[in-house]
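The analysis underlying the following values was restricted to heavy atoms, covering all of them including side chains, and did not include hydrogens, waters or symmetry mates. Predicted model only: the values in this text are computed from it and were never measured. Letters A, B, ... are given to chains in the order of the sequence lines, protein chains preceding strands, and every chain is numbered from 1.
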Amino acid sequence: MTRKTIKVDYLARVEGEGALRVSLRDGEVRKVELRIFEPPRFFEAFLRGRAYAEAPDITARICGICPVAYQMSAVHAMENAFGVRIPDPLRQLRRLLYCGEWIESHTLHMYMLHAPDFLGYESAIAMARDHAAHVERGLRLKKAGNEIVRVVGGREIHPINVRVGGFYRTPSRRELAPLAEQLEWARDAAAETVRWVATFDFPDCERDYEFVAMRHPSEYPFNEGRIVSSRGLDIGAEEYDTHFEERHVPYSTALQSVLRARGAYLVGPLARYSLNFDRLSPDVQRAAREAGLGPACTNPYRSIVVRAVETLHACEEALRIIRDYEEPEEPCVSVDAGPATGYACTEAPRGLLYHRYSVSADGTITDAQIVPPTSQNQTSIEDDLRAFLPGWLGMDDDALKWRCEQTIRNYDPCISCSCHFLNLEVDRNG
Amino acid sequence: MARAHRKPRLAVWKFASCDGCQLSLLDCEDELLAVAGAVEIAYFPEASRAMVRGPYDISLVEGSVTTPHDAERIQAIRRQSRHLVTIGACATAGGIQALRNFRDITEFVSVVYARPDYIETLATSTPIAHHVSVDFELRGCPISKAQLVEVLSAFIAGRKPVTPAHSVCIECKARGNVCVTVAHGTPCLGPVTHAGCGALCPSYHRGCYGCFGPMESPNTRSLSTRLAALGMTAGDIGRVYRTFNALADPFREESEAHDT
């Protein structure tokens, strides 16, 4: 009988603190535990007693990588609670801000965190010694995304310009013009990125996921739409709690979210793409097909190609919004707060982000629930490892450990977010 | 014999935080490869799976201490670090998670977790300087990229970092902003808040919300009088001081003065 443990004590190139422990016995996978030891910060507890208007600024601090996502889900949930309608120019500006975050976050993950796995480097900085032109293109593309967030939001991390009802100040057409120049370059760089990552060597691993993402009548989803799945789910955000539940496992400070009816599901680029391929422009669809993707993608290693396709989409969409932009007359609409409960989901770079708030008559938050994408994907990450590990047991320990890490990094897990969230341990003696 | 020149070794550590301040380093798109050329990035798990053992010449520490394990870990990091620099509001003032310090932690755990017995946490979130000596504190939620590059350059060159200690008000004047309080009656923490953001909020027609923490000699009492005159309730005033830098003494004292 042979036993073996694989341990990754501190998972690198992910956002936040986690570990992995895998136990194997006689070539069988006994246990896979994605251990999240990121210290809990109790956002849902201290939001109680805060003013409704503080929710976008406070929840942004859940994650420095995707603060815009938190701000968007927060403002939409509050606006849902108070029956606020956002006029089109403000809605377009929110989409533009979200485009910036997708470009910045996806590019960070593709170039700095994930590509080094495919090319065999410890880091992007080490990769830059042999692939300087690629890394430099990645940095400039990331900067183009960050520039959108900086101009529209005020700064790249924890933007200050988002409020319930709209913005504090809307940019002039003249302020947006330099962004368009950078985005013309960025669109070409994103197309080049799609071609580059498509050349990587992808393990032949497919899984039959239940994809969950938003779906909008006409657009690739950012802020609005119904929550749909590849197995027939079709609900509004207010029905989220009826269909999903969060579970607490002893080895993780991140709650794990599952579908009450069917268990594990997958959110993020693969799900969004596979459920919304028809919402991409013909040019982006063509780029995806040329990169070897079909209208759905079930190989998690190819998520890097899907991220590149989504980055191309975000560049195109940002250019369109800037071209059509008319400065709104007012930066925000008035908000009449009262006792109510509001629900919203938006598409963070890593997937569906759910917020629910209850507010009292004087506008004070009495209850808050936040379900980040990585909490929803934790079970799928563990299931991927359970499914794929038996095929890898011939690898030596270092290669096996690296492959496990890469498999987790497919998800671009954001551990800081999911902690309400990693370290790898493989036990071959389970 | 002259000592061989060796690149300074840089380590980046994470405690309870959102990752935003260490992300600021990766967000230095124009400077990142130059920084990587000037120092040996020996430990930076968010960016590299290569982890070189200490000692380190410069340790950047993000986040606050919130678990018994982290309270021990910071001691070990201090022992391995020639210079220890804290980056951001969590590391210098406990961060937003220090709101627990004013409440009952048992209740907090039970609000968020179904099985509170699985959670190991301290009743408080505390800044790094409460645990070990700190060579330099960089403020902000998040820190400013320009200030981060300045601090790294200064430590590499062996000089003192140049970061202004004045208030956001001075930055507003330098930027030519119209005062949002005087002109529009918008409550603003600019007079008591540490410079570094470039007067961002007022430039977007919004009052400063104090994310860089208190400036050197803040007259919070006087500002509170003004905030009250602008129509804020005691509860509102207490709350604005008790947000991202709640544990910084001047903000903590002023928030406690408004506890009802």
Is chain B contacted by the side chain of [X], its backbone, both, or neither, given a heavy-atom distance below 4.5 Å?
{"X": "Ala51(A)", "result": "both"}
{"X": "Asp57(A)", "result": "both"}
{"X": "Ile58(A)", "result": "both"}
{"X": "Arg48(A)", "result": "both"}
{"X": "Arg409(A)", "result": "side chain"}
{"X": "Arg50(A)", "result": "both"}
{"X": "Ile160(A)", "result": "both"}

Heavy-atom distances under 4.5 Å only: say whether [X] touches chain A with side chain, backbone, both or neither.
{"X": "Ala47(B)", "value": "backbone"}
{"X": "Tyr209(B)", "value": "side chain"}
{"X": "Leu33(B)", "value": "side chain"}
{"X": "Arg239(B)", "value": "both"}
{"X": "Ser203(B)", "value": "backbone"}
{"X": "Phe244(B)", "value": "side chain"}

Please identify, among [options], the residue contributing the most non-hydrogen atom pairs under 4.5 Å to chain A.
{"options": "Ala98(B), Cys141(B), Gly63(B)", "value": "Cys141(B)"}
{"options": "Cys211(B), Gly198(B), Cys21(B), Gly235(B)", "value": "Cys211(B)"}
{"options": "Leu122(B), Leu99(B), Leu32(B), Ile41(B)", "value": "Leu99(B)"}

- Neighbours of chain A found in residues 64-72 of chain B - heavy atoms under 4.5 Å: Thr66(B), Thr67(B), Asp70(B)
- Neighbours of chain A found in residues 145-152 of chain B - heavy atoms under 4.5 Å: Lys145(B)
Validation row: [X], [Y] side chains within 4.5 angstrom (heavy atoms):
{"X": "Pro40(A)", "Y": "Gln97(B)", "value": "no"}
{"X": "Glu405(A)", "Y": "Arg49(B)", "value": "yes"}
{"X": "Ser24(B)", "Y": "Ile157(A)", "value": "yes"}
{"X": "Lys14(B)", "Y": "Tyr10(A)", "value": "yes"}

- Six-ring centre of Tyr204(B), Arg169(A) cation under 6.0 angstrom, axis tolerance 45°: yes
- Determine, for Asp27(B) against Lys142(A), whether the closest basic-nitrogen to carboxylate-oxygen distance falls under 4.0 angstrom. yes
- Does Glu327(A) CD have over 12 foreign heavy atoms under 6.0 Å away? yes
- Query: Mind checking what makes salt bridge (charged side-chain N to carboxylate O under 4.0 Å, His left out) contact with Glu171(B), not counting sequence neighbours?
  - Reply: none
- Task: Any salt bridge (Lys or Arg N to Asp or Glu O under 4.0 Å) involving residues 36-48 of chain B? Give me the pairs, sequence neighbours left out, ordered by first then second residue.
- Result: Arg9(B)-Glu40(B)
